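The structure displayed is predicted, hence computed values, not measured ones.
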Amino acid sequence: EVRAIVSNAELSESVYNARIAVEETRKSMLRLFPGITFNVGPQTSNNAYYINKNWVEGAANISFNLWNLLSAPATIKLAEQNQELAAQKRMMVQMAIISQVHLSKIQLNNSSLIYNRASEIDSVDGRIAKITASKYKEGAASQAEKVAADASYIVSKLRKYQALSQLFAASGKMQATTGMEP
């Protein structure tokens, strides 16, 4: 569970979203302060009557939006709710990751049991096919019995390989879920 949580990309994204929510809160708080702008720049004139045709002009402007002051409590509340929402989303992603780990573990265990049973059935069908083949050579079994035993052996071998592929798929899913994929 810990490995899956540490290496999951979705969880990393939700952590970044939580950081963004915190920064958005700071940004909304800074909007409540008055705006200050400074302008400084050289000026030039072609007027022949000026004594100084080049000068430096500067200005400072302070602006304050009263609407921001009135909407401050709602803005702060919204920003805090966004932070809580990001935390809840992160918790939800963590719960989903842990659930995926447990489900993939159950699937891996079930696939392992199915493969073991299919392997045992394949072994038994192989022995039955060998016994039936030797009986057929001795003349104690018919060709139909031999064909049926061989067909059963082939089907059990196919089921064994299908179970093996499901076991590999479950193992791969478990590795991907826990973040151990190459």
Which heavy atom of [X] sits nearest to which heavy atom of [Y], and what is that distance?
{"X": "Ala86", "Y": "Asn17", "answer": "CB-O, 4.2 Å"}
{"X": "Met174", "Y": "Lys105", "answer": "SD-N, 3.7 Å"}
{"X": "Ser7", "Y": "Thr178", "answer": "OG-O, 3.3 Å"}
{"X": "Ala163", "Y": "Tyr115", "answer": "CB-CA, 3.7 Å"}
{"X": "Trp55", "Y": "Asn52", "answer": "CE3-O, 3.8 Å"}
{"X": "Ala118", "Y": "Arg159", "answer": "CB-O, 4.0 Å"}

Q: Would you check if Leu108 and Leu167 make a side-chain contact, meaning some heavy-atom pair closer than 4.5 Å?
A: yes
(Q) Could you check whether any side-chain heavy atom of Glu23 comes within less than 4.5 Å of a side-chain heavy atom of Arg26, counting everything from C-beta outward? (A) yes
For the [atom1] atom of [X] and the [atom2] atom of [Y], what is their distance to the nearest 0.5 Å?
{"X": "Lys160", "Y": "Tyr153", "atom1": "NZ", "atom2": "OH", "value": "7.5 Å"}
{"X": "Arg90", "Y": "Met92", "atom1": "CZ", "atom2": "CE", "value": "12.0 Å"}
{"X": "Arg127", "Y": "Asp122", "atom1": "CZ", "atom2": "CG", "value": "10.0 Å"}
{"X": "Ile98", "Y": "Ile5", "atom1": "CD1", "atom2": "CD1", "value": "4.0 Å"}

(Q) Does this structure show an ion pair linking Lys135 with Glu138, if we count only N-O contacts that are shorter than 4.0 Å? (A) no
Q: Show your reasoning for whether salt bridge (charged side-chain N to carboxylate O under 4.0 Å, His left out) applies to Glu120 and Arg117.
A: CA-CA 5 Å; Glu120 290 171 5; Arg117 287 183 188 141; over 6 Å; no
Q) For Asn47, does the CG atom have more than 12 heavy-atom neighbours from other residues, nucleotides or ligands under 6.0 Å away? A) yes
Q. With no hydrogens and no angle check, is any side-chain donor or acceptor of Ser111 less than 3.5 Å from a backbone partner on Gln107?
A. yes
